[in-house]
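No hydrogens, no waters, no symmetry mates; every other heavy atom, side chains included, goes into these values.
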Amino acid sequence: MTRRFLFVLGSSRSDGNTELLARRAAEQLPEGVEQQWIDLAAHPLPDFEDLRHDSDHVRPTRGNVALLLDATLAATDIVIVSPLYWYSVSAHVKRYLDYWSGWLRTPDVDFKATMAGRTLWGVTALAHEEQEVADPLVGTLSNSAAYMKMRFGGVLLGNGSKPGDVLGDAEALARAKTFFAQDAPLARFPYETD
């Protein structure tokens, strides 16, 4: 399968530090690798309604939910581009991930089996110098990938608060050059052992 990257932008600010860092990493992808960028602020999802145990699920055919479902299913690589908001993913991203729960039960989608083996990545910018504060965000993405039997490429971390600050983070920009070239192992829950 030809690689196709879906970049899910979860910031409340366009062209913010996290997006700038993600675009620097995406510039390094080989020519011919498809990229789709969807800004969740420009394509908002309605509040997620948990209907897991209802029987009348239908596949969305229009609107932002359909756009994101189709883009997610078409991607070999999903990149969550979320600033660190209160030590985790943004509300936009959390809502998108909540929709995965509904898609698990959408007829004729076979969402979990389709996503198995694909790769989940993350990109975030944070204002702290201590990168450990991003551990909850990393855990959210890693555990989501483990549940879906996906590969997890890790999270590219950059430092920045004011717009454009991340472009001064030489270490993050250096990591961005090889971030998507690394092998992504099968995600595992922390309690799983070899």
Give a yes or no on whether [X] and [Y] share a hydrophobic cluster (residues Ile, Leu, Val, Met, Phe, Trp, Tyr; joining criterion: side-chain heavy atoms under 4.5 Å apart).
X    : Y    : result
I80  : L157 : yes
W86  : V81  : no
F189 : L120 : yes
Y99  : L9   : no
L104 : L45  : yes

Would you mind reporting whether [Y] and [X] have side-chain heavy atoms less than 4.5 Å apart?
X    : Y    : answer
L21  : D169 : no
T124 : Y85  : no
L156 : F180 : no
F5   : V33  : yes
L40  : L68  : yes
I38  : V8   : no
P46  : V65  : yes

With a 3.5 Å cut-off and no angle check, do the side chains of T72 and Y96 form a donor-acceptor pair?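 Checked: T72/Y96 side chains pair up, N/O donor to acceptor below 3.5 Å.
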Taking the six-membered ring for Trp, are the ring centroids of W121 and F179 within less than 6.0 Å of each other?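 Yes, close enough.
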Under 3.5 Å, is there a donor-acceptor pair between the side chain of [X] and the main chain of [Y]?
X    : Y    : result
S82  : G10  : no
T106 : G102 : yes
T114 : D110 : yes
R151 : D183 : no

According to the interplanar angle, ranging from 0 to 90°, do the rings of H128 and Y87 count as parallel (below 30°), tilted (30 to 60°) or perpendicular (above 60°)?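 Ring orientation, 0 to 90° scale: tilted.
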Mark yes when over 12 heavy atoms from residues, nucleotides or ligands other than Y147 sit less than 6.0 Å from its OH; otherwise mark no. no
For K112, does the NZ atom sit with more than 12 other heavy atoms under 6.0 Å from it, leaving out its own atoms? yes
Side chain to side chain contact (heavy atoms under 4.5 Å, CB included) between T18 and S11: does it pass, once the steps are laid out? CA-CA 8 Å; T18 303; S11 180; 5.7 Å; no
Salt bridge (Lys or Arg N to Asp or Glu O under 4.0 Å) involving D39 - partner list, sequence neighbours excluded: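 Result, salt bridge (Lys or Arg N to Asp or Glu O under 4.0 Å) vs D39: none returned.
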If I compare all heavy atoms of [X] with all of [Y], which pair ends up nearest, and what's the gap?
X    : Y    : value
P136 : V133 : CD-O, 3.4 Å
L137 : P83  : CD1-O, 4.2 Å
S142 : A187 : O-CB, 3.9 Å
H43  : L67  : CD2-CD2, 3.6 Å
T76  : R3   : OG1-CA, 3.3 Å
N17  : G160 : ND2-C, 3.6 Å

Candidates V123, L20, N159, L126 - the one meeting side-chain contact (heavy atoms from CB on, under 4.5 Å) with V166: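 Considering V123, L20, N159, L126, a side-chain contact (heavy atoms from CB on, under 4.5 Å) with V166 is found only for L20.
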What pairs of donor and acceptor atoms, side-chain ones from residues 22-29 against any protein atom, are under 3.5 angstrom apart with sequence neighbours left out?
residue : atom : partner : partner atom : Å
R23     : NE   : E19     : OE2          : 2.9
R23     : NH2  : E19     : OE2          : 3.1

Output yes when D70 and R59 qualify as a salt bridge under the 4.0 Å nitrogen-oxygen rule, no when they do not. yes
